[in-house]
Amino acid sequence: MKVIPQNFYTRNDTIAIAKELLGKVIVTELDGVRCSGIIVETEAYAGPEDRACHAFGFKHTTRTAPMFLDGGVAYVYLIYGIYHLFNIVTNVAGQPHAVLIRAIEPLEGLEQMLLRRKLSSISPRLCAGPGLLSQALGITTAHTRLSLQGATIWLEEGKTKIPNNDIVAGTRVGVAYAGNDALLPYRFSIKGNKWVSKAKGL
DNA sequence: CAAACGATTTTCT
DNA sequence: GAAAATCGTTTGG
């Protein structure tokens, strides 16, 4: 399967990238076990003009530093002291854009995922949510700043291309504090896919 | 140096 | 439907 090249991420169009990521495959190889899944839900965090973005107004801190790197690296961070959220940094260095992966449809390494999630059987809750899929794939803050061209976490072309009218746009989750920017349709998912997170319906 | 809080999920009422 | 869990980062003294 073909690995997504660096220049896919460095384009100056985070919204387009967020949409195109749907249907692509995310792969992790940890503890010698390969796990993968199809991306079915994403959210765009479009840089300094986006109030919901951590790096709003070019706010450069220790935590947001990876977003200022060149596109194509991972930005993982801990939320509520419990969950790890996995983001993909986009655009070029100096432009703090990122796409949050919210849900995947599991493909390979199912047993390892179940083990990590402490579940005994497959259910739609396995990877439906940003904190959950990170846990299932074994992604932690130790992987932040990691290049997606490496041998630990990377993305591949999917088998199926998602037609434009199968992409649903909606408002983002958990960003009410962002005022008007919370209303932007920056959340994308595959229409009718049962693995899409149901935390808050579209 | 100390205190408050968050791009979430689970569990209990 | 509401509240707790839990800790690194951010902000204020």
Side-chain angles (χ1 to χ4, degrees), chain A residues 9 14-15 17-19 21-22 26 37 39-69 71 73-91 95-106 113-146 148 153 168-189 194-202:
Chain A
Y9 306 105
T14 303
I15 306 301
I17 295 173
K19 279 197 251 184
L21 280 174
L22 294 174
I26 178 171
I39 296 172
V40 297
E41 187 176 357
T42 65
E43 263 180 28
Y45 285 89
E49 300 164 13
D50 181 359
R51 214 172 189 72
C53 181
H54 283 167
F56 169 67
F58 289 101
K59 191 157 86 173
H60 199 305
T61 66
T62 306
R63 181 178 62 156
T64 62
M67 275 209 269
F68 290 83
L69 299 175
V73 300
Y75 170 41
V76 186
Y77 102 102
L78 190 63
I79 187 65
Y80 298 114
I82 304 176
Y83 295 102
H84 302 276
L85 303 207
F86 175 69
N87 302 251
I88 295 172
V89 177
T90 63
N91 217 314
Q95 293 297 319
H97 292 223
V99 177
L100 168 68
I101 308 302
R102 291 195 57 86
I104 64 171
E105 173 179 339
M113 292 193 208
L114 289 173
L115 205 62
R116 292 195 179 111
R117 293 272 295 113
K118 293 183 168 52
L119 296 174
S120 53
S121 61
I122 301 293
S123 78
R125 313 186 69 180
L126 180 62
C127 304
L132 300 184
L133 74 91
S134 302
Q135 189 181 4
L137 293 173
I139 298 172
T140 72
T141 52
H143 303 114
T144 201
R145 287 167 168 273
L146 208 59
L148 299 179
I153 305 173
V168 183
T171 54
R172 289 171 293 184
V173 177
V175 292
Y177 62 87
N180 286 334
D181 284 345
L183 302 176
L184 293 170
Y186 281 2
R187 178 184 176 204
F188 305 101
S189 61
K194 66 176 177 180
W195 296 95
V196 170
S197 98
K198 299 188 186 70
K200 290 175 186 154
L202 277 175

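Any value given below was found using the heavy atoms of this structure, including those in side chains, with hydrogens, waters and symmetry copies removed. Convention: sequence-line order gives letters A, B, ...; per-chain numbering from 1.
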Among dT11(C), dT10(B), dG8(C), the nucleotide that comes nearest once only the side chain of Lys59(A) is considered
dT11(C)
Using atom NE2 of His54(A) as one end and atom P of dG8(C) as the other, report the distance to the nearest whole Å.
16 Å
Please give, in whole Å, the distance from dT8(B) P to Leu126(A) CG?
19 Å
In whole Å, I'd like the distance from the CG atom of Leu133(A) to the P atom of dA7(B).
17 Å
Pairwise side-chain contact, Ile122(A) with Pro106(A), heavy-atom cut-off 4.5 Å (strictly under):
no
What integer distance in Å separates Met67(A):CE from dA7(B):P?
11 Å
Rounded to the Å, how far apart are Leu184(A) CG and dA7(B) P?
16 Å
Atom-to-atom span, CG of Leu78(A) to P of dG8(C) - whole angstrom:
7 Å
So, does Arg125(A) get its side chain near the phosphate of dT10(B), meaning an N or O under 4.0 Å from OP1 or OP2?
yes
How are the rings of Tyr77(A) and His54(A) set to each other: parallel, tilted or perpendicular (split at 30° and 60°)?
perpendicular
Span that lies between the P atom of dA7(B) and that of dG1(C), in whole angstrom:
23 Å
Scanning both residues in full, the closest heavy-atom pair of Trp195(A) with Ala128(A) reads O-CB, 3.4 Å
Just name whichever nucleotide pairs with dG8(C), Watson-Crick or G-U, keeping both distances under 3.5 Å, else none.
dC5(B)
Side chain to side chain contact (heavy atoms under 4.5 Å, CB included) test vs Val99(A) passes for just one of Val89(A), Thr90(A), Ile15(A), namely Thr90(A)
Are His84(A) and Ser134(A) close enough that a side-chain donor and a side-chain acceptor fall under 3.5 Å?
no
Could you tell me whether Lys118(A) contacts a base, only the sugar-phosphate backbone, or nothing, with contacts defined as non-hydrogen atoms closer than 4.0 Å?
nothing
Nearest-Å distance, CZ (Arg63(A)) to C1' (dA4(B))?
13 Å
Going by heavy atoms in the side chains, are Thr64(A) and Pro96(A) under 4.5 Å from each other?
no
Quick one: Leu100(A) CG to dT8(B) P, roughly how many Å, whole number?
8 Å
Do the side chain of Arg117(A) and the main chain of Leu126(A) share a donor and acceptor less than 3.5 angstrom apart?
yes
Strand contacts (DNA chain C) in residues 79-89 of chain A, 4.0 angstrom heavy-atom criterion:
Tyr80(A), Gly81(A), Ile82(A)
